[in-house]
Amino acid sequence: MALDKILEVDSLSVALPPGSDREQAIENIDFSIYSGETLCLVGESGSGKSVTGQAILGMLPGTLKQKSGKVLFQGRPLPDADSLEMQKIRGSEIAMIFQEPQAALNPIQRVGRQVEEVFKVHGQYSKTQSRTRVLDLFDSVGLPNPIQIYRSYPHQLSGGQCQRVVIATALALQPKLLIADEPTTALDVTTQAGILELINELKRSQNAAILFITHDFGVVAEVADHVLVMRDGVSVEAGSRNQIFEHPRNHYTRTLLRSVPDMLPPENLHDRDSELVLRAESVSRIYSKTINWYQSHSFNAVENVSFSLKRGQTLGIVGESGCGKSTLLRCILRLEAVDSGRIFLGDREITHASEQQLQPLRKKIQVVLQDPYTSLNPRQKILNAIAEGPIIHGKEKRDAHLQALALLDSVGLNASSADRYPHEFSGGQRQRICIARALALEPEILLADEAVSALDVSIQAQILDLLRDLQRKFGFAILFVTHDLRVAASLCDELIVMRQGKMVEYGPTADLFRTPQSDYTRSLLHASPGKDIQFSAIALDRSDNALEVSK
């Protein structure tokens, strides 16, 4: 059966403003999508993926201008971006799912009303019919208790539930083309699997065309029919999913594929006789949630968690959002009070230590957070950011600055970086700076809370390699929180699996991946996208030079 061509992009180019690193955000991009097909746009940050989606919808930022090319929707050119005709097409025939659902939803309006706005704007259904249709949509995207969700505000829902609301909004008028811009990047593995299955099912049931924008090749393996790889605004390779995965021709494509960690953890090589630097014994943290003015509900955010961490060891903590991973880290840092149990830093108990007692111990345990940009003071030069901790703890300013320069070199940045501000660096470079800042106090323990989850796959691989190298050099232990099982497999000696505040499994990473004892651990492993693909082995026997495809 012949498929209908839904979208055709022909030699599309978008110009960057004067003074940018390059002249064009995207240059001569060509592709087509047919009904019932998914095309994945893949590439690192700055490759032009999102700009391509914005150009199709006529939603380019004011600083960007379409320079040339055309976009055909069902064989006809799309109207001008500001025209009434284009406004009618957006949401009804072409819809978009954005990366951050919380930012896409109005925080002061109930989510059911927000979805109803789509029908109101496009003049469809009465008020009663709209409500019924919204409830049906919520049910179709797998939201529990649609009536309760309808009445909820965005902050009352989980990240996965908010993303399902955004998907329901995009599907409200059964569009022929769905543009999904990194819709699963910030979600845990089981929620991500549910969203991907939902999108695949919607493609099958509605025969829609899908443009899926992502940097995650695991996701590509689950949803793509065809793939277009982008770099610096140009297309470097295009083909079917099987062709890209089995016979990648371009060196850049192969580099991206090899950067994806495999779910094949090495055997634990850590010295089991090394010194114990951190120990938790039956740690619990209880939160109270107010239901109304006279009633509250208590729940265990962390319940009876015990573990030990030795010098030079990396211990991972995995689990879904809300399982207690970050709360446990805050308890260890004593940013949260511990309701029961004990915490030892070395041989010293710090469970109920005062702030004055904790002050000299703070430098022994440092943190690298998920978002490197918000972790750094935008008004503070990098040299001062790295040197600040040692100076607070009594080091001479000159010595602290010399140490900061040495640390910049250790994390792969040159000395000229010291006099610049955070906004002058890429995301990967900012994370390197955060790591240098954490190591400035020569800690015994590094706590990393989703430290690579927001990074492109190649940058992620660089940061993981950097952490391994620095750990070998300085000997610190790492407590690594992540929802990405591939990252956990590549970095962690041992693994804790948490669910609803409880530790459901704990042991060597290789054992947990090969012979998981818990049904929940097995479900996490099963939900990981592209779990059956060994990315590092792709095209290793091919000559990069012989098969290099010119841009």
Side-chain angles (χ1 to χ4, degrees), residues 158 188 274-291 295-370 375 389 392-393 438 441 443-451 476-483 488 492-507 512 518 520-521:
S158 69
D188 56 61
S274 56
E275 175 189 1
L276 196 67
V277 293
L278 180 67
R279 187 167 89 255
E281 295 181 356
S282 301
V283 170
S284 295
R285 174 59 174 154
I286 302 172
Y287 287 144
S288 293
K289 180 179 180 180
T290 300
I291 299 175
Q295 192 176 12
S296 63
H297 168 67
S298 296
F299 65 97
N300 290 315
V302 175
E303 184 175 357
N304 293 325
V305 173
S306 301
F307 66 85
S308 59
L309 181 64
K310 296 181 179 180
R311 185 177 299 280
Q313 180 188 21
T314 300
L315 173 62
I317 306 177
V318 300
E320 297 170 290
S321 298
C323 71
K325 306 187 298 291
S326 295
T327 300
L328 179 59
L329 254 61
R330 290 196 295 271
C331 288
I332 291 166
L333 287 166
R334 285 295 318 280
L335 300 177
E336 292 270 1
V338 176
D339 291 296
S340 64
R342 299 195 296 172
I343 299 172
F344 293 85
L345 191 58
D347 57 1
R348 180 169 180 174
E349 184 175 358
I350 62 169
T351 316
H352 304 292
S354 66
E355 189 58 41
Q356 185 177 4
Q357 292 171 323
L358 286 172
Q359 180 68 23
L361 301 176
R362 292 285 187 198
K363 64 180 182 180
K364 292 187 176 183
I365 183 165
Q366 293 294 300
V367 188
V368 179
L369 299 173
Q370 177 175 352
S375 299
I392 289 173
H393 283 271
L441 286 165
E444 296 178 359
I445 305 162
L446 190 68
L447 302 187
D449 191 358
E450 299 283 9
F476 54 82
I478 301 176
L479 190 59
F480 197 93
V481 168
T482 184
H483 67 260
C492 301
D493 302 302
E494 293 186 341
L495 211 57
I496 295 172
V497 180
M498 292 186 67
R499 184 186 189 190
Q500 297 177 351
K502 297 180 180 179
M503 187 168 66
V504 299
E505 197 156 353
Y506 174 28
L512 263 67
S518 163
Y520 179 67
T521 305

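The basis for the numbers below is simple: all heavy atoms, side chains too, and nothing from hydrogens, waters or symmetry mates. Keep in mind it's a predicted model, so treat the numbers as computed, not measured.
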Rounded at 0.5 Å granularity, tell me how far CG in L441 sits from CG in L446.
11.5 Å
Decide yes or no for Q359 and H393: does some side-chain heavy atom of the first lie under 4.5 Å from some side-chain heavy atom of the second?
yes
Show the nearest heavy-atom pair for residues K310 and A477, with the distance to one decimal.
O-CB, 3.3 Å
Which value, rounded to the nearest 0.5 Å, describes the distance between L369 atom CG and S375 atom OG?
4.5 Å
Quick check for you: to the nearest 0.5 Å, what is the distance between H352 atom NE2 and Q357 atom CD?
12.0 Å
Decide yes or no on side chain to side chain contact (heavy atoms under 4.5 Å, CB included) for I445 and L345, but give the supporting numbers first.
CA-CA 9 Å; I445 305 162; L345 191 58; 3.4 Å; yes
Could you check whether any side-chain heavy atom of V481 comes within less than 4.5 Å of a side-chain heavy atom of L329, counting everything from C-beta outward?
yes
Would you say the side chain of L315 lies within less than 4.5 Å of the side chain of I478, judging by non-hydrogen atoms?
no
Which residue pairs satisfy the salt bridge (charged side-chain N to carboxylate O under 4.0 Å, His left out) criterion with at least one member in residues 357-366, sequence neighbours excluded?
E355-R362
Side chain to side chain donor-acceptor pair (under 3.5 Å) evaluation trace for T521 with E505
CA-CA 8 Å; T521 305; E505 197 156 353; 2.8 Å; yes
Closest approach of Y520 to V504 (non-hydrogen atoms, all atoms of both residues):
CD2-CG2, 3.9 Å
Any side-chain heavy-atom pair of L328 and F307 under 4.5 Å:
yes
Give a yes or no on whether the backbone of N300 and the side-chain of E303 come within a donor-acceptor separation of less than 3.5 Å.
no
Where S306 and S282 come nearest, the two heavy atoms and their spacing
OG-N, 2.7 Å
Value rounded to 0.5 Å, distance of CG in L309 from OG1 in T314:
8.0 Å
Which heavy atom in A301 sits nearest to a heavy atom in T327, and how many Å separate them?
CB-CG2, 4.0 Å
Is the shortest distance from a Lys or Arg side-chain nitrogen in R279 or E281 to a carboxylate oxygen in the other one below 4.0 Å?
yes
Contact between L512 and V497 at the side-chain level, heavy atoms closer than 4.5 Å - yes or no?
yes
Is there a side-chain contact between Y287 and E336 (heavy atoms, below 4.5 Å)?
yes
With sequence neighbours left out, write down each residue that passes side-chain contact (heavy atoms from CB on, under 4.5 Å) with T351, or none if nothing qualifies.
V338, R342, I343, E349
Take F476 and E444, measure what side chain to side chain contact (heavy atoms under 4.5 Å, CB included) needs, and give me the verdict at the end.
CA-CA 5 Å; F476 54 82; E444 296 178 359; 5.9 Å; no
Is any side-chain heavy atom of F299 closer than 4.5 Å to one of Q500?
no
How far does CD of E494 sit from SG of C492, to the nearest 0.5 angstrom?
10.0 Å
S284 side chain to S340 backbone, donor-acceptor under 3.5 Å
no
Report the C-alpha separation of D449 and S326 in whole Å, then their side-chain angles, then the decisive distance to 0.1 Å, and conclude whether the side chain to side chain donor-acceptor pair (under 3.5 Å) test is met.
CA-CA 7 Å; D449 191 358; S326 295; 3.1 Å; yes
Under 3.5 Å, is there a donor-acceptor pair linking the side chains of H483 and E450?
yes
Is there a donor-acceptor pair closer than 3.5 Å between any side-chain N or O of S274 and the backbone N or O of R311?
yes
Kindly compute the distance separating CZ (R285) from CG (D339), expressed to the nearest 0.5 Å.
5.0 Å
Quick check: do L447 and F480 have side-chain heavy atoms less than 4.5 Å from each other?
no
Which of these passes side-chain contact (heavy atoms from CB on, under 4.5 Å) with L333: I350, L358, I365?
I365
Tell me every residue that passes side-chain contact (heavy atoms from CB on, under 4.5 Å) with C323, counting only those two or more places apart in sequence or in another chain.
K325, M498
